[in-house]
Amino acid sequence: MLQAQSNKRFKKIYIEISNVCNLQCTFCPEVVRDKKFMEPALFKKVARTVAPLTEEVCFHLMGEPLLHPEFDGYVDFCHTLGLRINLTTNGILLNPARMKALLNPAMKQINFSLQSFADNFPEKDNSNYLQNIFDFTERAILERPDLYINYRLWNQGAPGSQAANDLMLKKIKRGLQAEFGNVPEIRWKKNLKIKGRVYLHFDSRFEWPNPHHPVRSTEGFCHGLSSHIGILADGTVVPCCLDKEGVISLGNCGSQNIDDLIHSPRAKAIQEGFQKGILVEDLCQKCTFISRFDKKLRHLKLKETTRC
C-alpha cells in the first residue's frame, strides 16, 4: 500500500528543550553555551509555530530531555497540537514517574543511547539500568504497540566496542526473551528487529563539526534546511542538527517569525549551495559528517556536468 506524501515543509525539527545533560560522554562534546532549560512560554510558542511545518519534533540537539523539569507538560502540550515526538535519551533517568509521559500518544519513537552508560561508568554494573529499559519496553509493547523503540549502539569501530556490544546483545536477548540475528554490516544496513517495533540500531561514531577544525572541503551536500532544522534552548534557529553552538544562527524564533528565518538570504544561500554541491558556510566546510553524503555530491556534480 502506498503511503500518502506529507505536505509538511520538514521531516524533523529539533527542539532542544535543554542543553544540560546528566552525563558527559566522550563521544559527545561539552556545550560551550550557557546551560539552559527552554522556558515554557518559549516552548509553547515554538511548538505552535512548528506544528504546521514538520512531521515530527525531536526533543534534542544537545542535552538530556528527561532532565527538564517541565518534560511531562511539554509532551502533553505536543499531544494537544497533534505534534508527534521523536525522543533520544540516555535512559539513566528512566523511572516509573516518567512512564506516563513516555507512553503518551504524542510519542512516535524513543531512542535509548545504550553506549552512554558504559562510556560514563565503565566499572559499574549496568543490570539495573538495562532492566529499567527492558521493563519500559515490555510495557510499551502492551500499551503502545505502535511506538517505535530503538536501542542505539552508535559505537561501531570504537576501541573495545565489539566485545562490549556482544555482551550487550546477550543481555538484551535475555532481558526481552528475544532471538535475533547477527549484527549487520553498517555499510548496508543499520538496524535489526528485536520484536514488535523494537529495534537495535547500529552506527559508527562521528566527529562534531567545530569552527576551530581545518577545512575539509568547500564541496559537499547536506540535508540541513531541506529535511530538518534545529531550534536551540534559547530560541536560536540553526540549519543543521549538528550546529551545537549556534554558529550558523539564522535568527531567534522567540522574537522573529520562523518563516522569515528559514527563507532569509543566509538560509537561501546555504540551501542553494547544497543543491549545487557547494558549502558556503565555514562550519560546513569543516564538517566531517558531511562526507556521508558524498554519493549525493557525486550525483549533483554528474548532473551539472551533463547539463553543461
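- Between the CG atom of L130 and the CE atom of M168 there is a distance of 5.0 Å, given to the nearest 0.5 Å.
- For F59 and F43, the ring centers are positioned less than 6.0 Å apart.
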Exercise. Would L87 and V75 count as a side-chain contact (heavy atoms from CB on, under 4.5 Å) if you check the C-alpha gap in whole Å, the side-chain angles of each, and the deciding distance to 0.1 Å?
Worked result: CA-CA 10 Å; L87 182 75; V75 172; over 6 Å; no
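- At least one donor-acceptor pair closer than 3.5 Å links the side chain of N19 to the backbone N or O of K36.
- Residues N22 and L66 form no side-chain contact, since every pair of their non-hydrogen atoms from C-beta on lies 4.5 Å or further apart.
- Between K124 and F117, the closest heavy-atom pair is O-CE2, 3.6 Å.
- Between the side chain of R84 and the backbone N or O of M107 there is at least one donor-acceptor pair closer than 3.5 Å.
- Between the side chain of E138 and the backbone N or O of F134 there is no donor-acceptor pair closer than 3.5 Å.
- Residues F206 and R292 form a side-chain contact, since some pair of their non-hydrogen atoms from C-beta on lies under 4.5 Å apart.
- The neighbour count for K195 NZ, taken as heavy atoms of other residues, nucleotides or ligands under 6.0 Å away, is above 12.
- R139 contributes no side-chain N or O that, together with a main-chain N or O of M99, makes up a donor-acceptor pair within less than 3.5 Å.
- For the pair I258 and I231, the minimum side-chain heavy-atom distance is below 4.5 Å.
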For this session: Given salt bridge (Lys or Arg N to Asp or Glu O under 4.0 Å), test R98 with D72 step by step and report yes or no.
Result: CA-CA 8 Å; R98 287 295 192 203; D72 292 17; 2.7 Å; yes
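- Taking CG of L83 as the reference point, atom NZ of K108 lies at 11.0 Å (rounded to 0.5 Å).
- Remark: side-chain polar atoms of K286 are paired, donor with acceptor, to backbone N or O of P211 under 3.5 angstrom.
- To the nearest 0.5 Å, the span separating SG on C25 from CZ on R205 amounts to 8.5 Å.
- R216 is not listed as a side-chain neighbour of C287, based on a closest heavy-atom distance of 4.5 Å or more.
- No side-chain donor-acceptor contact under 3.5 Å links R197 to the backbone of I149.
- A donor-acceptor pair under 3.5 Å links the side-chain atoms of E16 to the main chain of M62, judged by distance alone.
- Within the model, atoms CG of L192 and CG of L169 stand 8.0 Å from one another, a figure rounded to the nearest 0.5 Å.
- Residue N95 places its CG atom among more than 12 non-hydrogen atoms of other residues, nucleotides or ligands, all under 6.0 Å distant.
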Problem set entry | Intermediate values then yes/no, side-chain contact (heavy atoms from CB on, under 4.5 Å), R152 and T88 | CA-CA 9 Å; R152 284 185 176 177; T88 298; 3.6 Å; yes
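- Judged purely by atom type and a 3.5 angstrom limit, K171 has no side-chain atom pairing as donor or acceptor with the backbone of S127.
- A donor-acceptor distance shorter than 3.5 angstrom exists from the side chain of K8 to the backbone of A51, with no hydrogens or angles considered.
- Considering only heavy atoms from C-beta on, F77 comes within 4.5 Å of R48 through its side chain.
- Residues Y151 and L167 fall into different hydrophobic clusters, defined by Ile, Leu, Val, Met, Phe, Trp and Tyr side chains chained together at heavy-atom separations under 4.5 Å.
- Side-chain N/O atoms of T89 and E64 include a donor and acceptor closer than 3.5 Å.
- Dense packing is recorded around NZ of K173, with more than 12 heavy atoms of other residues, nucleotides or ligands lying under 6.0 Å away.
- Taking hydrophobic clusters as Ile, Leu, Val, Met, Phe, Trp and Tyr residues chained together by side-chain heavy-atom distances below 4.5 Å, V247 shares a cluster with L225.
- Hydrophobic clustering of Ile, Leu, Val, Met, Phe, Trp and Tyr side chains at less than 4.5 Å, counting indirect connections, unites L23 with V31.
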Problem set entry | side-chain contact (heavy atoms from CB on, under 4.5 Å) between D34 and D234, intermediate numbers included | CA-CA 10 Å; D34 291 341; D234 66 351; over 6 Å; no
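- Between H68 and Y74, the ring-plane angle classifies as tilted under the 30° and 60° cut-offs.
- Atom-to-atom distance recorded for L176:CG and R174:CZ is 11.0 Å, nearest 0.5 angstrom.
- Within the 4.5 Å cutoff, side-chain heavy atoms of I229 are placed close to those of I13.
- With values rounded to the nearest 0.5 angstrom, S217 atom OG is found 11.0 Å from I278 atom CD1.
- Put simply, the side chain of F121 does not reach to within 4.5 Å of the side chain of Y129, judged on heavy atoms.
- With contacts defined as side-chain heavy-atom distances shorter than 4.5 Å, the pair K244/C28 does not qualify.
- Atom CD of Q177 sits in a sparse spot, with 12 or fewer heavy atoms from other residues, nucleotides or ligands closer than 6.0 Å.
- Hydrophobic clustering (ILVMFWY, side-chain heavy atoms < 4.5 Å, transitive): F289 and F27 are in distinct clusters.
- Both F37 and L61 belong to a single network of hydrophobic side chains, linked directly or stepwise wherever heavy atoms of I, L, V, M, F, W or Y lie under 4.5 Å apart.
- The main-chain N or O of Y14 is never found under 3.5 Å from a side-chain atom of H228 such that the two would form a donor-acceptor pair.
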For this session: Apply the test side-chain contact (heavy atoms from CB on, under 4.5 Å) to residues R266 and I248: give CA-CA distance (whole Å), side-chain angles for both, the deciding distance (0.1 Å), then the verdict.
Result: CA-CA 9 Å; R266 187 176 194 181; I248 312 175; 3.8 Å; yes
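- The aromatic rings of W154 and H201 sit tilted, their planes meeting at an angle between 30° and 60°.
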